[in-house]
Amino acid sequence: MNASDDSLKHASGPYFGQYGGRWMPESLMAAMDQLTQTFEDAKADPAFIEEVKELNRNYSGRPSLLTEAKRFSAQACGGVRIFLKREDLNHTGSHKINNVLGQALLAKRMGKTRIIAETGAGQHGVASATAAALMGLECVVYMGAEDTRRQALNVARMQLLGATVIPVTVGSQTLKDAINEALRDWVANVDNTHYLLGTAAGGHPFPAMVRYFHQVIGEEAREQVLAQTGRLPDAVTACIGGGSNAIGIFHGFLDDKEVELYGYEAGGDGVDTGRHAATITLGKPGVLHGAKSYLMQDDDGQTIESHSISAGLDYPGVGPEHSYLADIGRVHYEPVTDTEAMDAFKILCRTEGILPAIESAHALAGTIRLAQRKLAEGAKPEDTIIIANLSGRGDKDVSTAAQWFGMLEDDAANTPEGN
Amino acid sequence: MSRVTSAEKIAAARAEGRPALIGYLPAGFPDVETSIEAAVALAENGVDVIEMGIPYSDPVMDGAVIQEATVQALANGFRVSQIFDIVRGITQRTNAAVMVMTYWNPVLSLGVDEFARRFAEAGGAGLITPDLVPDEADEWFAASEKYDLERVFLIAPSSAEARVKRTVEASSGFVYCVSLMGVTGARSEVSSAAQAVVDAAHGAGAENACVGLGVSRREHVQEIGSYADGVIVGTALVAALRDGGVPAVGRLAAALSGRA
Ligand SMILES: Cc1ncc(COP(=O)(O)O)c(C=O)c1O
């Protein structure tokens, strides 16, 4: 990597400004060192790079398309040109596959035979189970007990793929507790087990490593937009859970100073209601799950539970590179409420025939807001280009959305009430 | 107030030809008053060093028993600033060394210097930090030097030699030797890995190497005492407090220390 001094690309960790690091038990340090070394060696190994490319091409279906959303633009964005980076078209239906294939290959390089993962809605769990099946690894997925009930179909998907799903009944029984349980499992089984963390958070090397496997999103998008329009976009947008799809697409444009970058956090019921997951907007720096980063916490440093209609964004932490990019002002982070996201969800369905993941609908809602702001500032719509990362498809969200729009009679089994 | 350090208590036990006994209880479990009474009962029944744990929302190194106790303490309204009252309450009534075991975010949140100052004023000896490694501890080095507090870091069976050395050098009071790869919880036998961890600590120059995780019985104390400088008991005491209250804690401590 020969980035110039002021380049923001390829930041290697462990620190991103004051963020990142390894705030975690000594028992895991040897495994983190081994993983770091294996990752560094693999990155320098042409055979590994080729193996990842080959899987991306012939298994996931990369490159994913860049689709201009003309009817969406006309209806909601005043004609500002909107391009969707179609991670929804990847195998298993989201960007998550990029990271799991890469990490599963690393697990094999380390001689590990078992992977564990956390999951909220089940997307990362399904992706992990998929990679494990493909590579002949044992797979155990930790999932909050409440989520296993709400996402019973995704539990079945993981089981069909051969994974064991363990409902987490301790703590708040949510995604953060699923991560805690996975870490406890890892401490006890680190000899044969790799913890396949699903987002660009956690202790070093996870943030830099997860980003590395998702960088392909931004690299492709940059090439595609140049090919299709002859120029770089004015802005790139993405939703922020832990931040993996966002850092993946942002990375391609970090050093293009004229390209504005926007990350949309889950605003839940609204940031003034206390029921949200707007970590950067309202959190303060702290340490959780191995990294120093913005964190939703109370005055005592206890983690606060987050809330969002989108299980994939329902996390009180965020990856450390985002905290750094927020502090230096390179990326702007804003909250999007459940209502705004669901409005955008519906518009995309009706105008483009694309059913987005509710996570991705947060990026769409932010994109609409941004386009309107650009127009208000006097931008010419036909000369303004925004790329939104459509991180996943909404098949998993059909019951939540149908419920939201009042299309279902009471269906107790699938009621997505609460977080 | 004169502060008693863990190093002093371990040295005193050594002079008596026995390992120091270190007992863990969660602060504020089941409530603040009872946790002070239970800690006093430890000291009255042969425990040399008391380790009070700050209940935390994300205790990744703890097994089910301690998690449930700390969840209950939080549900009962425990606030981090009460740890200083608890430490003061114990140091005023015993001559045990009082350590606090804490995940790092509550300390960061209050401010490392502020936490250290108030803790030292309350008579505390030092901090045991399960999710803080020396690599990230610059602020804690500064504050612990300033207020003369002991820094207890952990080493594990997985710790490479260089990390053991670094951790031993960074620690004061004692080095916490994790006996096995896992989380807190009583086990029927002492892990066979424990002695190697202690040997590694001693080999790296540690004066005091104490073993924790999975220790629950007098036989464990004796077995570990044959090679380590101190023995740490947690889950078994927490379960005793949960099931039998303060008297049960006193009885178990007496049994562990060989007084009963
Ligand atoms: C489709 C989709 N998009 C986004 C996310 C949020 O994760 P991240 O911020 O790591 O991209 C998830 C997480 O489950 C997801 O499934």
Side-chain angles (χ1 to χ4, degrees), chain A residues 14-15 18 20-34 168-174 176-193 202-204 283-293 295-305 316-317, chain B residues 54-64 66-68 70-71 74 78-83 102-111 115 129-138 153-160 162-164 166-167 175-185 197 213:
Chain A
Y15 301 101
Q18 63 156 314
R22 271 191 198 163
W23 304 79
M24 56 202 309
E26 170 64 25
S27 297
L28 290 172
M29 288 297 150
M32 300 295 274
D33 282 342
Q34 180 195 24
V168 175
T169 55
V170 297
S172 59
Q173 309 193 14
T174 60
K176 83 172 174 67
D177 297 282
I179 296 178
N180 293 340
E181 274 300 276
L183 285 167
R184 292 180 189 115
D185 177 319
W186 202 26
V187 171
N189 299 294
V190 69
D191 278 348
N192 71 346
T193 299
H204 179 69
K284 63 171 187 156
V287 295
L288 177 68
H289 296 148
K292 182 183 271 191
S293 198
L295 176 63
M296 289 174 58
Q297 53 182 318
D298 69 13
D299 291 344
D300 271 359
Q302 310 283 358
T303 310
I304 296 175
E305 269 177 64
Chain B
I54 296 183
Y56 174 55
S57 53
D58 296 275
V60 294
M61 278 299 283
D62 285 310
I66 292 178
Q67 280 180 50
E68 277 158 24
T70 54
V71 163
L74 288 170
F78 176 82
R79 297 300 310 258
V80 169
S81 61
Q82 290 175 308
I83 193 67
T102 181
Y103 293 92
W104 201 242
N105 201 50
V107 179
L108 268 186
S109 173
L110 186 61
F115 189 102
T129 54
D131 65 351
L132 181 73
V133 289
D135 318 50
E136 304 291 1
D138 287 355
F153 293 106
L154 286 69
I155 58 174
S158 59
S159 302
R163 288 203 62 85
V164 171
R166 176 161 192 193
T167 306
V175 177
Y176 193 125
C177 299
V178 174
S179 68
L180 49 82
M181 294 302 289
V183 296
T184 57
V197 183
L213 256 58

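Within every chain, numbering begins at 1; the chains are lettered A, B, ... in the order of the sequence lines, protein sequences first and strands thereafter. If you're wondering where the values come from, they're calculated on a predicted model, not measured in any experiment. Heavy-atom basis, side chains included; hydrogens, waters and symmetry copies ignored.
- Looking at B/Val60, both its backbone and its side chain come within 4.5 Å of chain A, counting heavy atoms on both sides.
- Between chain A and the residues B/Ala160, B/Pro134, B/Pro59, B/Gly63, the most heavy-atom pairs under 4.5 angstrom are made by B/Pro59.
- Of the possible polar contacts, one joining the A/Gln302 side chain to the B/Ser57 backbone as a donor-acceptor pair under 3.5 Å is found.
- Counting heavy atoms from C-beta outward, A/Lys292 and B/Leu108 have side chains that approach closer than 4.5 Å.
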Exercise for the section: Could you go through the side chain to side chain contact (heavy atoms under 4.5 Å, CB included) check for B/Val133 and A/Met24 one step at a time? Expected result: CA-CA 7 Å; B/Val133 289; A/Met24 56 202 309; over 6 Å; no
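- Using a 4.5 Å cut-off between heavy atoms, B/Pro130 touches chain A through its backbone atoms (N, CA, C, O) alone.
- A distance of 10.0 Å separates CG of B/Leu110 from CG of A/Asp299, quoted to the nearest 0.5 Å.
- Heavy atoms of B/Ile54 lying under 4.5 Å from chain A are absent altogether.
- Rounding to the nearest 0.5 angstrom, the gap separating the OG1 atom in B/Thr129 from the CH2 atom in A/Trp23 is 10.5 Å.
- No donor-acceptor pair under 3.5 Å is formed between the side chain of B/Asp131 and the backbone N or O of A/Pro25.
- Contact annotation for B/Arg79: both backbone and side-chain heavy atoms come within less than 4.5 Å of a heavy atom of chain A.
- Proximity to chain B involves both the backbone and the side chain of A/Val287, based on heavy atoms less than 4.5 angstrom apart.
- Separating the CD atom in A/Glu181 from the CD atom in B/Gln67 is a distance of 6.0 Å, to the nearest 0.5 Å.
- Using modelled atom types, no side-chain atom of B/Ser158 and backbone atom of A/Ala30 make a donor-acceptor pair closer than 3.5 Å.
- A salt bridge is absent between B/Asp135 and A/Arg22: the closest approach of a Lys/Arg side-chain nitrogen to an acidic carboxylate oxygen does not fall below 4.0 angstrom.
- Using modelled atom types, no side-chain atom of A/Arg184 and backbone atom of B/Gly182 make a donor-acceptor pair closer than 3.5 Å.
- Contact count versus chain B (heavy atoms, under 4.5 Å) is highest, among A/Asp300, A/Ile304, A/Asn189, A/Leu288, for A/Asp300.
- Distance check: A/Tyr15 OH to B/Glu136 CD gives 3.0 Å after rounding to the nearest 0.5 Å.
- Residues B/Asp58 and A/Ile179 fail the side-chain proximity criterion, which asks for heavy atoms closer than 4.5 Å.
- Considering every non-hydrogen atom in both B/Met181 and A/Ser27, the closest pair reads CE-O, 3.3 Å.
- Using a 4.5 Å cut-off on side-chain heavy atoms (C-beta onward), A/Glu26 and B/Ser159 make contact.
- Here B/Phe78 pairs with nothing under the ring pair (Phe, Tyr, Trp, His ring centres under 6.0 Å) rule; sequence neighbours left out.
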